[in-house]
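Notes follow the structure.
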Amino acid sequence: MTRGGRVMPDYVIEQPKVPAIPVAGTEALFPVRRVYCIGRNYAAHAIEMGHDPDREPPFFFQKNPDGLDPSGIFPYPVRSEDVHHEIEMAVALKSGGRSIPVGAALGHVFGYAVALDMTRRDLQGEAKAMGRPWEIGKAFERSAPIGPLRTAADIGHPSAGRVALRVNGELRQEGDLNQMIWKVPEMIAYLSDYFELAAGDVILSGTPAGVGPVRRGDRMEGSVEGVGELVVTVR
Ligand code: MN
């Protein structure tokens with residue numbers, strides 16, 4: 001089969017949609033390849049989760065690319081009674097590679113967005129207690145609401161600025177990008193020592209203290225200074 005003059009492969013089922021994030025101020029979309037998320041990247045959040053915030057090597061888990069959701073609606077997921085918000089800055093890569101030096105890392109960044117790492121905390125807690133992987137708590141459908149990407153060409157590379165989340169107008173989470181234990185260039189460099197990074201990869205950079213549960217009907221208003229805002233309703 002040909003489309004637009006290109007020979008297209010003959011898939012045996014309909015090709016799944018490419019997950020994508022809107023780019024602010026344009027009609028264009030950023031296609032997503034992989035989603036990496038760092039754990040415990042703000043000391044105050046590590047403490048609230050019962051961990052020592054000393055600078056241990058970073059650790060990452062992954063969400064599914066099709067879990068990124070720009071719709072502004074978060075359907076309360078099944079099989080959980082304790083779904084938590086985690087406000088985070090998302091970093092989108094326009095290129096990648098292996099063993100990227102810290103000093104070259106920001107050259108691979110396309111842009112930034114405000115995102116939520118929604119978490120089935122009860123299921124994550126059971127997984128942790130049993131030494132099992134975290135996907136059941138982290139990688140469910142529509143688990144990462146995300147706002148439009150702002151390009152680095154437009155806003156630069158934010159390394160300081162307030163990160164906050166309000167639920168129904170009440171301030172729940174607050175921190176500053178400058179409190180990240182592992183900075184964005186360090187995260188990119190570290191990940192690239194273990195994975196080959198590429199254009200389309202998205203990194204969620206961790207959440208400040210104050211994570212907590214949401215209920216159906218809640219309105220979450222997240223913000224990252226210099227990046228933007230994200231409003232999401234829980235359905
Ligand atoms: Mn998180």
Side-chain angles (χ1 to χ4, degrees), residues 21 32 34-53 55-70 74 76-77 80 82-93 112-128 132-147 158 161-167 172-184 186-188 190-191 194-195 201-214 218 220-224 227-228 230 232 234:
I21 310 168
V32 179
R34 293 182 186 168
V35 182
Y36 296 99
C37 309
I38 190 168
R40 295 172 211 143
N41 200 30
Y42 289 76
H45 173 61
I47 292 167
E48 78 178 347
M49 298 304 286
H51 297 274
D52 185 333
R55 194 170 146 116
E56 297 169 343
F59 72 93
F60 294 85
F61 58 92
Q62 285 177 273
K63 289 204 176 218
N64 293 308
D66 68 347
L68 291 173
D69 182 1
F74 174 70
Y76 199 95
S80 178
D82 192 27
V83 177
H84 280 204
H85 52 72
E86 296 190 358
I87 184 74
E88 314 207 357
M89 182 173 75
V91 184
L93 302 188
Y112 300 88
V114 183
L116 283 158
D117 168 16
M118 299 303 294
T119 302
R120 293 194 283 211
R121 192 72 74 201
D122 42 4
L123 299 186
Q124 185 201 24
E126 287 171 21
K128 281 184 186 174
R132 290 177 178 166
W134 286 11
E135 281 85 355
I136 201 164
K138 288 288 196 179
F140 57 92
E141 285 71 35
R142 300 175 73 171
S143 62
I146 189 164
R162 186 170 181 262
V163 180
L165 182 79
R166 290 178 180 277
V167 178
R172 290 274 191 90
Q173 289 194 257
E174 192 173 26
D176 194 290
L177 294 174
N178 67 14
Q179 296 165 342
M180 284 184 187
I181 297 170
W182 296 91
K183 311 300 182 191
V184 171
E186 293 172 325
M187 277 186 257
I188 293 169
Y190 189 92
L191 271 171
Y194 291 84
F195 301 96
D201 290 350
V202 172
I203 302 168
L204 298 191
S205 58
T207 196
V211 301
V214 294
D218 280 351
M220 299 183 280
E221 297 171 285
S223 61
V224 177
V227 177
L230 171 65
V232 177
V234 183

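Quick note: residue numbers are just sequence positions, from 1. Order of appearance sets the numbers: ligands from 1, and atoms from 1 within every ligand. As a basis for the values below, the full set of heavy atoms in this structure was taken, side chains included, without hydrogen atoms, waters or symmetry mates.
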Problem set entry | Where Val83 and Ser80 come nearest, the two heavy atoms and their spacing | CG2-OG, 3.5 Å
For this session: Find out whether His51 and Glu56 are in side-chain contact, i.e. whether some heavy atom of one side chain is under 4.5 Å from a heavy atom of the other.
Result: no
For this session: Below 2.8 Å of the Mn ion (ligand 1), tally up the protein N/O/S atoms for me.
Result: 3
Exercise. Is the shortest heavy-atom distance from the side chain of Gln173 to the side chain of Val211 under 4.5 Å?
Worked result: yes
For this session: Using a strict 4.0 Å threshold on nitrogen-to-oxygen distance, state whether Asp82 and Arg120 make a salt bridge.
Result: no
For this session: Could you check whether the rings of Phe60 and Tyr36 sit parallel, tilted or perpendicular, using 30° and 60° as the cut-offs?
Result: perpendicular
Exercise. With the threshold set at 4.0 Å, does a side-chain nitrogen-carboxylate oxygen contact exist between Glu86 and Lys138?
Worked result: yes
